[in-house]
Amino acid sequence: MPGTFRFSFGPWNIHEGADPFGPPVRPTVAFAEKLKLYKKMGFDGVQFHDDDAVPQLNHMSPAQVEKAAREMAKLLDGEGLVAEFVAPRLWEDPRTIDGGYTSNNPAERQYAIDRSLQTVDIARALNCDKVVLWLAREGTYIREAKDATKAVELLVTAINKMLAHDSAIKILIEPKPNEPMDLAYIPTIGHAIGLSYVTSDPGRVGALVESAHAILAGLDPSDEMAYALAHKKLWSVHLNDQNGLKFDQDKAFGAVDLRRAFMQVWVLDRNGFGNNGEFVGLDVKAMRTQKAEVAALHLSNSREIFLSLLEVVRGLDQSRIDELIAQRNYEQLEMEIIRALLGK
Ligand code: 3MF
Ligand code: MG
């Protein structure tokens with residue numbers, strides 16, 4: 001069954017252009033202004049960090065957090081948008097310097113868990129049943145610093161607390177092999193899915209595949225997606241692109257390797273992605289050189305590239321593909337795929 005595609009992005013995808021070596025180069029766009037761009041560019045879903053939805057949440061009472069989240073839900077409603085997921089931002093607070101859930105300090109671990117439970121509450125107030133865990137600092141700079149077996153147990157403990165806190169919440173693990181850590185504990189989708197099976201409710205723990213994160217692990221994003229789909233655990237994606245094993249570039253989807261992007265669309269469409277309400281999420285950054293008035297093009301371009309590739313996927317002659325596979329004539333199959341991509 002073919003897929004159904006609705007698109008989402010997070011407010012951090014429209015940004016000021018700062019990088020580790022230079023300051024912002026574009027003015028900040030207010031959240032309300034960003035929201036207006038969604039529908040205009042063909043997007044229906046908003047991805048949130050907890051503090052995108054409720055700024056300053058560390059300084060608010062639970063009642064104040066809930067009230068602010070409900071106001072955000074109304075704002076979304078007014079724009080005809082829905083919240084796709086909420087992710088606890090566990091990588092900025094001084095208490096998460098050595099990781100959140102896997103910190104060696106029990107008080108810091110408790111902070112990470114408490115903050116994650118608050119994220120679950122915010123998701124509920126936004127009428128959203130998905131929490132994404134990008135396990136940013138859950139890893140080490142040197143292997144001797146932490147016990148890697150205990151780290152897995154600590155991750156399971158934290159996830160189980162979130163599952164117990166809300167019987168409807170689903171947890172999506174977004175693996176990434178490195179950056180900011182030298183070595184992360186959950187680097188690939190296989191690790192994420194393995195982790196799901198040792199939690200208290202594996203049916204509510206799934207995954208989000210980000211194209212660039214798979215590439216950074218030396219893997220093919222479409223195979224990572226297919227692996228999660230086979231486990232019925234691909235509940236979101238972060239499409240983007242990446243030039244080899246460098247820093248996480250978050251380039252527009254398909255901008256580096258169109259064929260690799262094509263294969264991701266192929267896998268998603270042929271497996272009916274989106275038919276249970278999953279979003280095609282983007283996680284892309286505008287180039288630092290981009291001027292403010294055109295600094296959202298990377299989003300509309302990524303969506304357009306996805307939809308153009310979808311046309312290519314759907315325009316292929318399956319009986320011809322089957323014939324070439326039966327003949328084991330993969331050279332010819334490759335040529336015909338390339339021709340389709342070239343519009344010939
Ligand atoms: C980092 C990421 C993150 C996550 C986001 C949601 C800032 O490489 O991909 O983007 O996607 O935090 O969990
Ligand atoms: Mg991401």
Side-chain angles (χ1 to χ4, degrees), residues 7-20 34 43 45-55 57 83-93 96 99-101 112 115-116 118-120 122-123 126 128 130-139 155 158-159 162 169-189 191-192 205-217 219 221 224-225 228 234-243 245-253 264 278-286 298-299 302:
F7 297 85
S8 73
F9 67 87
W12 64 89
N13 288 138
I14 298 176
H15 69 112
E16 296 83 358
D19 69 18
K34 290 182 184 175
F43 290 79
V46 183
Q47 308 167 17
F48 283 100
H49 292 122
D50 48 6
D51 56 2
D52 294 322
V54 182
L57 81 165
E84 185 202 358
F85 67 70
V86 187
R89 198 195 294 273
L90 287 175
W91 49 92
E92 287 185 359
D93 194 279
T96 59
Y101 312 132
R115 171 106 181 209
S116 305
Q118 234 180 352
T119 302
V120 173
I122 291 170
L126 292 177
C128 153
K130 289 180 178 145
V131 161
V132 165
L133 295 184
W134 169 45
L135 299 166
R137 297 195 189 277
E138 314 300 354
L155 290 170
I159 292 171
M162 286 178 248
I169 206 73
K170 296 195 183 92
I171 310 289
L172 285 63
I173 301 168
E174 179 181 347
K176 183 178 181 184
N178 59 281
E179 204 194 31
M181 302 313 291
D182 184 2
L183 289 156
Y185 283 134
I186 305 296
T188 70
I189 216 66
H191 291 82
V205 184
L208 179 159
V209 173
E210 173 159 328
S211 324
H213 296 180
I215 297 163
L216 285 170
L219 300 169
E224 289 283 272
M225 289 172 190
L234 188 67
W235 300 339
S236 188
V237 289
H238 267 173
L239 300 186
N240 55 19
D241 214 345
Q242 169 75 25
N243 258 314
L245 302 182
K246 299 180 180 175
F247 65 95
D248 186 11
Q249 298 176 325
D250 295 338
K251 292 172 78 73
F253 180 57
Q264 292 169 65
E278 302 92 346
F279 274 91
V280 173
L282 302 178
D283 199 357
V284 287
K285 275 202 187 85
H298 58 307
L299 291 158
S302 294

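First listed ligand is number 1; within each ligand, the first listed atom is number 1. If you're wondering where the values come from, they're calculated on a predicted model, not measured in any experiment.
Of the residues T119, L172, D50, the one that meets the side chain to side chain contact (heavy atoms under 4.5 Å, CB included) test with V131 is T119.
Every atom of ligand 1 is numbered from 1 in the order shown, and the set under 4.0 Å from a heavy atom of K176 is 1 (C), 8 (O). Interface atoms of ligand 1 facing H238, defined by a heavy-atom separation under 4.0 Å, are 11 (O). Remark: ligand 1 atoms within the under-4.0 Å shell around heavy atoms of V132 are 13 (O). Atoms of ligand 1 found under 4.0 Å from any heavy atom of D248, numbered from 1 in the order shown, are 8 (O).
Taking 2.8 Å as the criterion, D250 does not count as a coordinating residue of the Mg ion (ligand 2), since none of its N, O or S atoms falls below it. Not one N, O or S atom of H213 sits under 2.8 Å from the Mg ion (ligand 2).
For F43 and F9, the ring centers sit closer than 6.0 Å to each other. Taking the six-membered ring for Trp, W91 and H49 have ring centres closer than 6.0 Å.
Counted by atom type alone, S236 and E84 present one or more donor-acceptor pairs between their side chains at under 3.5 Å. For the 3.5 Å distance criterion, the side chains of E224 and H213 fail to qualify, holding no donor opposite an acceptor.
Using a 4.0 angstrom heavy-atom cutoff, H213 counts as in contact with ligand 1. Heavy atoms of W91 come nearer than 4.0 angstrom to ligand 1 in at least one pair.
Between K285 and D250 there is a salt bridge, since a side-chain N of the basic residue sits under 4.0 Å from a carboxylate O of the acidic one. Salt-bridge formation is not detected for the pair R115/D93: no Lys NZ or Arg NE/NH1/NH2 atom is positioned less than 4.0 Å from an Asp or Glu carboxylate oxygen.
The single protein non-hydrogen atom nearest to atom 12 (O) of ligand 1 is H49 NE2, 2.7 Å, given as residue, atom name and distance. E174 OE1, 3.3 Å is the protein heavy atom nearest to atom 4 (C) of ligand 1. Counting only heavy atoms of the protein, atom 10 (O) of ligand 1 lies nearest to D283 OD2, 3.3 Å. In terms of protein heavy-atom proximity, atom 7 (C) of ligand 1 is nearest to W12 NE1, 3.7 Å.
When heavy-atom distances to ligand 1 are checked against a 4.0 Å cut-off, D250 has no atom that comes that close, whether in backbone or side chain.
Geometry about the Mg ion (ligand 2) gives an angle of 90° between ND1 of H238 and OD2 of D283, rounded in steps of 10 degrees. E210 contributes OE1 and E174 contributes OE2; the angle these two atoms make at the Mg ion (ligand 2) is 90°, rounded to 10°.
For K170, the NZ atom sits in a loose shell: 12 or fewer heavy atoms of surrounding residues, nucleotides or ligands are nearer than 6.0 Å.
For the pair K246 (side chain) and Q249 (backbone), a donor-acceptor distance under 3.5 Å is absent.
Using the six-membered ring where Trp is involved, H238 and F85 have ring planes that are tilted, between 30° and 60° apart.
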